[in-house]
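Following: one structure in structure tokens, then a few remarks.
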Amino acid sequence: MTDTPETLTLDIEGWEGPLDLLLALARNQKVDLKQISILALVDQYLRFVEDAKATLELAADYLVMAAWLAYLKSALLLPRDPEIEPSPEELALRLHLRLERLSAMREAGARLVSRDRVGRDVFLRGAPEGLRTMRKALWQAEIYDLISAYGVITARTRPVMHIVAQRPVMTLEAALARVSRLVGAQIDWSVIETFLPDDANGLFRKSALASSFLAALELAKQGKVELRQQSPFAPLYIRAIVAGAA
Amino acid sequence: MTPPDATVRAVEAVLFAATEPMTADAIRTHLGGVEVKPALARLQADYAGRGIELVRRGDRWHFQTASDMAHLLRRTHEEPRKLSRAGIETLAIIAYHEPATRAEIEAIRGVQISKGTLDVLMEAGWIRPAGRREVPGRPLLYATTAEFLAHFGLASRRDLPGLEDLKAAGLLDPIDLAFETMEVANAYDED
Amino acid sequence: MTPPDATVRAVEAVLFAATEPMTADAIRTHLGGVEVKPALARLQADYAGRGIELVRRGDRWHFQTASDMAHLLRRTHEEPRKLSRAGIETLAIIAYHEPATRAEIEAIRGVQISKGTLDVLMEAGWIRPAGRREVPGRPLLYATTAEFLAHFGLASRRDLPGLEDLKAAGLLDPIDLAFETMEVANAYDED
């Protein structure tokens, strides 16, 4: 930075922004930060920027700060205009508060890093053995799990024979043959139940009834019988159609 | 104990922070030439009976955790875990048919078993290798252990319920078969 | 001194062997649930004035060399990471204001912080993201860590140098708040 031929007393790259520079200038007043003269501070800053401008491309934020401080200075010097808010005194106070805070944190940081630090001033054990926790599974199972598992395997793998039990049904063919034989012997209307076998009970009776009904419908379709029913769920009557009688 | 003097404290700190055991000479050089032997003797006495001890190995000194505390450095933490379906089935087959080879277990189970399943059962201490079957390939045989009997509260393998008992208990009912098969398929996937 | 009992010896051995500072809870868990607080107090007393000391940083405990031994040990060890001025200030601002957003840090420093500054502090393990502030934009908050306390030898955040004075002087309050306080005080004076 200092390799430029012009005389350069201040190095802008050394400052971390305008606030940093202002704090350094405030410290130059050699008074408590609380008693610094904002006016003197502004003058110093503007002079610095003037000096630096000749040789360096000044960062925008330095120029913005310079403009703001020039405004602040003029406001502080001129008779106060109560219309202007915030007042120049307030602006000066805020700048003051900011510098105090930055200064406080800078000192706090310096005190922090000068403490007894691990690895610089105090040391942890050089070669700790280390603690290791080995996780070990504690397997759990109950006797019931064991025997029921065996039951499942046995049930799954032993040969299985399927025997389909004889079920009491009357096939449609049987019903067709029976109804067409019996209806020929009947002269008049007969309820469909009279065509069922006398010994038909339970499931077989239901099956026989269903098959006989289907048989009756089939015979009616073939024009061999006629059907009659007064109302839904009323008894269903069936009668043979005698050739030539219709 | 009496407060340690500056040399004792320095030797103590240097040995504590050292990454390797140090000779008395190395410590002395480090401390600018003071005599350290009395300090080492003093430290050894100070730490006798504590959780840390100062030991000498050859001509080098170092601190280490007391040897009777070594078990604290590696600690096993036991976590209860439930045996997988594949695990429990494999165990059941071995228990009912032992000794059994892996191929026999698979034939009975009707599903392959992964290496991990047998490992888990061995880790649990419930099965053990029990010689080899004298057939081509000499496959390893597995049998249950005394721990197995203890864990499941059995006096002997003869205490395991027989097939008739299982049937009476409804454990062979084929009704559940479809459902169980589904579960087995899932368990197999997990292997 | 009286010989240490089994728990004292065990805590001593565990902390001595540990590669990182440990909480009392972690020590208790490692030792299978015994109460360790009295043992920690006893150890702290036993080691007072020795070349090694037992210290508490936050809620973690560790052994370290006594700080007055620094001159003997420093030369054998590398300097820890050298922090830039920006890094030191940023760390201080986070530590004294935590939790703090990036914007709050920048407001105090008066400059933007480069990405690298926070990264370096995080990599060192001294700061961590600590949720978000519930304001528009939900900015990330930063706070210090247990390693921060350990590294800088702080028993707790309350031990931060000058923390009480800074608080009392209102230097940790945001400027707006400080300003209002002053206005109120002035108004009161004028009455």
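Reminder, nothing fancy here: chain letters follow the sequence lines and each chain counts from 1. All of these numbers come straight from a predicted model, not from anything done at the bench. Below, all heavy atoms of this structure are taken into account, side chains as well, without hydrogens, waters or symmetry copies.
- Looking at C:V55, neither its backbone nor its side chain comes within 4.5 Å of chain A, counting heavy atoms on both sides.
- By number of non-hydrogen pairs under 4.5 angstrom with chain A, the leading residue of C:M69, C:H30, C:H97, C:E53 is C:H30.
- Here A:E100 does not pair with A:R106 in a salt bridge; the nearest charged N to carboxylate O distance is not below 4.0 Å.
- In terms of heavy-atom pairs under 4.5 angstrom with chain C, the leader among A:A127, A:P18, A:P128, A:A104 is A:P128.
- In this structure, C:R128 fails the cation-pi test against C:Y142, since its NZ or CZ atom is not both closer than 6.0 Å to the six-membered ring centre and inside 45 degrees of the ring normal.
- Looking at C:Y96, the atoms closer than 4.5 Å to chain A (heavy atoms on both sides) all sit in the side chain, from C-beta outward.
- Comment: C:D46 engages C:R42 in a salt bridge, judged by a side-chain N to carboxylate O separation of less than 4.0 angstrom.
- Contact annotation for C:I108: both backbone and side-chain heavy atoms come within less than 4.5 Å of a heavy atom of chain A.
- Residue with the most contacts toward chain C among A:V122, A:V113, A:L19: A:V122 (heavy-atom pairs, distance under 4.5 Å).
- Note on C:D173 versus C:K167: no salt bridge recorded, every NZ/NE/NH1/NH2 to OD/OE distance being 4.0 Å or above.
- In this structure, C:K37 does not pair ionically with C:D25, as no charged nitrogen and carboxylate oxygen lie closer than 4.0 Å.
- Contact tally against chain C (heavy-atom pairs below 4.5 Å) for A:R101, A:M105, A:R111: the top residue is A:R101.
- Heavy-atom pairs under 4.5 Å with chain C peak, among A:L23, A:D20, A:L99, at A:D20.
- Between A:R115 and A:D121 there is no salt bridge, since none of the side-chain N atoms of the basic residue sits less than 4.0 Å from a carboxylate O of the acidic one.
- Per-residue counts of heavy-atom pairs under 4.5 Å with chain A were compared for C:A66, C:A92, C:A17, C:G110; the largest is that of C:A17.
- When the candidates C:L171, C:L166, C:T19 are compared by the number of heavy-atom contacts under 4.5 Å with chain A, C:L171 comes out ahead.
- Chosen from A:D61, A:L97, A:L22, the residue pairing most often with chain C at heavy-atom distances under 4.5 Å is A:L97.
- Of the two parts of C:L154, the backbone and the side chain both hold a non-hydrogen atom closer than 4.5 Å to a non-hydrogen atom of chain A.
- Not one N or O on the side chain of C:R9 forms a donor-acceptor pair closer than 3.5 Å with the backbone of C:V11.
- In this model, no donor atom of one side chain and acceptor atom of the other lie less than 3.5 Å apart for A:Y45 and A:E50.
- No part of C:A169 comes within reach of chain A, as not one of its non-hydrogen atoms sits under 4.5 angstrom from that chain.
- One finds no salt bridge joining C:E20 and C:R60 here, because no Lys/Arg side-chain nitrogen approaches an Asp/Glu carboxylate oxygen to under 4.0 Å.
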